[in-house]
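Only one structure is covered here, and it is reproduced in the block below.
Atoms within a ligand are numbered from 1 in the order they appear, just like the ligands themselves.
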Amino acid sequence: MHALIVANGEVKDEIIQRGAAALRAGAPAAEVAEQAARDVEDDADDHSVGFSGKPNILGAVECDASFMDGATRMAGAVAALRDIRHPISVARQVMLRLPHVLLAGEGANRFAAEIGAERRNMLSPEARRLWLERLTAIGLTDAEIHDIASGHPPADVIDLVKRAVGWRDGTDTMNVMVRDTAGHLSVAVTTSGISWKYPGRVGDSPIIGAGIYADDRYGAAACMGLGEITIRLGSSLKAVTLMQAGRTMDEAGRLVTREMAEMLSPGGGGDHMKHVDWVRIILIDAHGKAGAFATRPGLFVKLQSADELTPRVVEAEFVS
Ligand code: ASP
């Protein structure tokens, strides 16, 4: 059976290499996917995931994460989780311990505390600096910034968000998809979401069918980029459903990405945020063939089969 791990181009090689080595040693897909996501959550150089993720407009890091097993189609997710070191593990535990799929906000934090998940201040000095820089860049005075930083935001936070998301900003939700030697698919998605978002904004990453889907019989999918688009389209489930209906992985990826490109174009509906005006989807079919498709060029994924020693870097196919 063709075992492999696929993740974002931004993920460090050693994280993917560890995953491939574990697959080679016979580890199940679920363990490999969770571990790779945990490694990225700890990576302080990554400003879109876990520790050191960019905060919401008021300076709090709110994490979204989800986990899905293709063998059972069981899934677990958390949204707007604060100050927990490994959101992905809390998401997986929601799947394993509760008769629920998605916990949000206060309830997600309650559950994390109850299962003994490790706490961590997720706002790194570097991410805080980027946040303060953005508040300055949108014209706030030192006194206004001081008020926000000390928990006294202005009444009009909507306006703040609209000003802060006015230009392109980097983002790279962690998508990790794994197929093990038994042919099982597991997907882990973890992110601090769109930077400078309205507090409580939940993206596609914890929405099963939008930012993530897995079904061993047909394939799996995960998304990165503007979550509002993949929620509206149900992109991950749609791609897997197309494969179920007999489309190839490439056809499914192109069809879904073309629809997302239409939704992102002028007249596509919605007042899209300039700072993330694109989407990428990664797919893997039931035989372990993987591919990536994006509404803009220059987005990469890393793939490594269990029998390879280093990941291959592949540019996502640009679909307009
Ligand atoms: N998809 C994520 C979201 O909308 C953002 C990202 O890819 O970084 O929250």
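- Here the shortest heavy-atom pairing between Pro206 and Ser66 reads CA-CB, 3.8 Å.
- One finds no salt bridge joining Arg280 and Glu315 here, because no Lys/Arg side-chain nitrogen approaches an Asp/Glu carboxylate oxygen to under 4.0 Å.
- Taking the charged nitrogens against the carboxylate oxygens, Arg258 and Glu262 have no contact shorter than 4.0 Å, which rules out a salt bridge.
- In Glu62, neither the side chain nor the backbone holds a heavy atom less than 4.0 Å from any atom of ligand 1.
- Of all atoms in ligand 1, listed by their number and element, those nearer than 4.0 Å to a heavy atom of Gly193 are 9 (O).
- A side-chain N or O of Ser52 and one of Ser124 form a donor-acceptor pair less than 3.5 Å apart.
- For the residues Gly211, Gly225, Gly203, the heavy atom positioned nearest atom 1 (N) of ligand 1 is part of Gly225.
- On a distance-only criterion, Arg201 and ligand 1 share at least one N/O pair closer than 3.5 Å.
- Nearest heavy-atom pair across Ile212 and Met68 is CD1-N, 3.8 Å.
- At under 3.5 Å, a nitrogen or oxygen of Asp204, whether backbone or side chain, sits near a nitrogen or oxygen of ligand 1.
- Residue Met224 has no nitrogen or oxygen atom sitting less than 3.5 Å from a nitrogen or oxygen atom of ligand 1, judged on distance alone.
- Atom CE of Met74 is separated from atom OG of Ser186 by 12.0 Å, given to the nearest 0.5 angstrom.
- Summarising the contacts of atom 7 (O) of ligand 1 with Val202, Thr173, Thr190, the nearest heavy atom is found in Thr173.
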